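One structure is given here, and the rest of the page talks about it.
These numbers come from a predicted model, not from an experiment. Count residues from 1 along the sequence. Each ligand, and each atom within it, is numbered from 1 in the order the structure gives.
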Amino acid sequence: MEQGGAGRWSDAELHGALARVFGYTAFRPHQIEIVKGILGGHDSLSIMPTGGGKSLCFQLPSHLMDGVCVVISPLISLMKDQVDAACANGLRAAALNSSLSPGEHRAVREALASGELDLLYISPERLSAPGFWEALASWPVSFFAVDEAHCISQWGHDFRPDYLALSGLVERFPQCPVAAFTATATPEVERDILSRLGLREPRLIRASFDRPNLFYHVLPKEEPHAQLLSFLGGHAGESGIVYRSTRRKVEETAAFLQKKGVKAEAYHAGLPDAERMRVQEAFRRDECPVVVATVAFGMGIDKPDVRFVAHLDLPKNVEGYYQETGRAGRDGDPAHCLLLYSAADMAQLLYFARQTEDEEQRSIAEKHAYAMLEYAERSQCRRKALLSYFGEAFEEPNCGGCDVCTGEIQEEDYTIEAQKALSAMVRSGCRFGRVLIMDILMG
Ligand code: ADP
Ligand code: ZN
């Protein structure tokens, strides 16, 4: 098929291709708009929540356009799944990364040179490999898709220096549109993505981040294990993830649950690969309903029926928190997100933030910690707070899906006051003699 300008494909043709290639009857919100932008040669940044259907937005044009769409994706470990999923849809996809044998490498390069691929997945490190830009220029590239584009911003929660190499795309391939995608971007991160990628008159697509089926709940942390057990009592037999901040805590909590007869497994980056794979598979197949994990667990987990996500420690930032809770309820059925919060956790977050050597990084980490504190101690609608963090207004007076709006928080009124007093101490302590205040708070 030959490449064309804007408007070459009618809506009917695009729907036809959607049905033919993917077997779907309708586009999800914003998909057709993004596809048309790419086909029309425009740069774009699309911010859509996890599960919103981002891959289709570049896979469909990759099939319709001449040449290969180069997808930059941060995790080599997930690339195989992405390639397999694309191939299952009948697309011609491959990855180039360090896990390939020399023979496989050669085969992919040959397929590229002879124009036999729709999609090529690469990691950002690839771009810095000697000779790679030149090789890229010798292949018929149709456009670039930058997945997890927030990784290019230091303001994001997942900055990857390798992503900075992507600023070369526009310069070196002025004829190719660049389509950036992310599931999380504050207004600051959004600006950073646009400027660092150097997007030209980009089309901005921002889907709503609201997840109406998620219930948000924050409780003061008293006895985290006992609180977790009582929470799990309301979710017997259901799948869920319990996040903890350290490997040691993960193991303690998993051991505690096992002792109480709950089928739970631990997952963190310190475990051998085979063990992590086993836990992930057991979770996917419903053999192990509860996984207790660090934030290492979740990327690439596409389980639709996760019914709860519980954070027993205060997360480092709102972006990460929102992504982690976002793993619940992808099937659209109700799911519950519990956060346990204590001022000691906050003090600890600040303590770690301040260990960061780089001054800019330190101030970013502190700012993230304060935003998390705002969320946890807030007695206004949690949904409104989360959405406004991502620059989205939520106008409903009552969301009906958080502890504040449903009135549950009232019973805890006294605790909130106590917590506010404590966090005020943390706050003022940050200005005057934090070490002393933190010592007091942390006993
Ligand atoms: P994201 O990358 O935004 O998290 P994915 O691209 O993985 O989301 O898509 C999430 C799921 O939705 C996938 O199972 C995908 O096949 C499905 N999906 C995407 N677009 C559509 C559509 N138009 N109709 C039905 N299902 C879709
Ligand atoms: Zn609410």
Side-chain angles (χ1 to χ4, degrees), residues 11 14-35 46-62 71 73-75 78-79 81-91 93 119 121 145-150 179-185 205-218 284 298-306 322-332 336-337 375 378-388 393-410:
D11 284 16
L14 294 178
H15 279 97
L18 177 74
R20 202 172 58 244
V21 181
F22 295 91
Y24 298 144
T25 50
F27 283 102
R28 292 250 179 95
H30 303 289
Q31 281 180 329
I32 193 164
E33 187 187 342
I34 300 168
V35 167
S46 306
I47 307 172
M48 288 165 97
T50 306
K54 286 181 283 297
S55 344
L56 186 141
C57 300
F58 56 83
Q59 289 182 345
L60 187 59
S62 83
V71 186
S73 171
L75 291 179
L78 296 185
M79 255 178 223
D81 288 350
Q82 293 170 320
V83 169
D84 290 349
C87 292
N89 282 325
L91 296 167
L119 288 158
Y121 287 81
V146 179
D147 207 3
E148 313 287 356
H150 62 278
F181 296 87
T182 175
T184 156
I205 294 99
R206 187 177 256 283
S208 171
F209 270 60
D210 189 19
R211 298 283 310 275
N213 61 318
L214 300 191
F215 188 95
Y216 299 101
H217 200 167
V218 182
R284 205 174 58 77
M299 271 263 217
I301 298 213
D302 198 5
K303 188 169 166 53
D305 58 347
V306 174
Y322 202 69
Q323 285 234 315
E324 285 139 29
T325 56
R327 293 181 183 129
R330 286 208 196 176
D331 53 9
H336 202 139
C337 310
Y375 172 74
R378 216 178 161 104
S379 40
Q380 288 172 46
C381 174
R382 313 264 180 217
R383 190 174 310 276
K384 194 179 171 79
L386 286 169
L387 293 175
S388 88
F394 183 79
E395 309 290 1
E396 307 285 320
N398 186 318
C399 84
C402 80
D403 52 359
V404 177
C405 288
T406 55
E408 278 168 58
I409 201 78
Q410 238 80 86

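Atom 7 (O) of ligand 1 has Ser55 OG, 3.8 Å as its closest protein atom, hydrogens excluded (heavy atom only). Nearest non-hydrogen protein atom to atom 23 (N) of ligand 1 is Ala26 O, 2.8 Å. Shortest contact from atom 4 (O) of ligand 1 to any protein heavy atom: Gly51 N, 2.6 Å. For atom 3 (O) of ligand 1, the closest heavy atom belonging to the protein is Lys54 NZ, 2.7 Å. Looking only at heavy atoms of the protein, atom 16 (O) of ligand 1 is closest to Tyr24 OH, 2.4 Å. Atom 14 (O) of ligand 1 has its closest protein heavy atom at Asp302 OD2, 4.5 Å. Looking only at protein heavy atoms, the nearest one to atom 8 (O) of ligand 1 is Gly53 N, 3.2 Å.
Not a single heavy atom of Met48 lies less than 4.0 angstrom from ligand 1.
Residues Phe22 and Leu91 are in side-chain contact: their nearest non-hydrogen atoms beyond the backbone lie under 4.5 Å apart. Put simply, the side chain of Phe58 does not reach to within 4.5 Å of the side chain of Val146, judged on heavy atoms. When side chains are defined from C-beta on, Ile32 does not count as touching Leu18, because their heavy atoms never get closer than 4.5 Å. In this structure, the side chains of Arg382 and Val404 come closer than 4.5 Å at one or more pairs of heavy atoms. Annotation: side chain of Tyr375 is in contact with side chain of Tyr216 (closest heavy-atom distance under 4.5 Å). Counting heavy atoms from C-beta on, the side chains of Tyr121 and Leu119 come closer than 4.5 Å. The shortest side-chain heavy-atom distance between Phe27 and Leu60 falls under the 4.5 Å cut-off.
Ligand-side atoms of ligand 1 in range of Leu56: 20 (N), range being under 4.0 angstrom from any heavy atom. Within ligand 1, the atoms closer than 4.0 Å to a non-hydrogen atom of Phe27 are 23 (N), numbered from 1 in the order shown.
Compare Arg28, Gln59, Glu148, Gln31 by their heavy atoms: the one nearest to atom 18 (N) of ligand 1 is in Arg28.
Atoms SG of Cys399 and SG of Cys402, as seen from the Zn ion (ligand 2), are separated by an angle of 110°, to the nearest 10°.
Put simply, CG on Leu78 and CD on Glu148 are 8.5 Å apart, with the number rounded to the nearest 0.5 Å.
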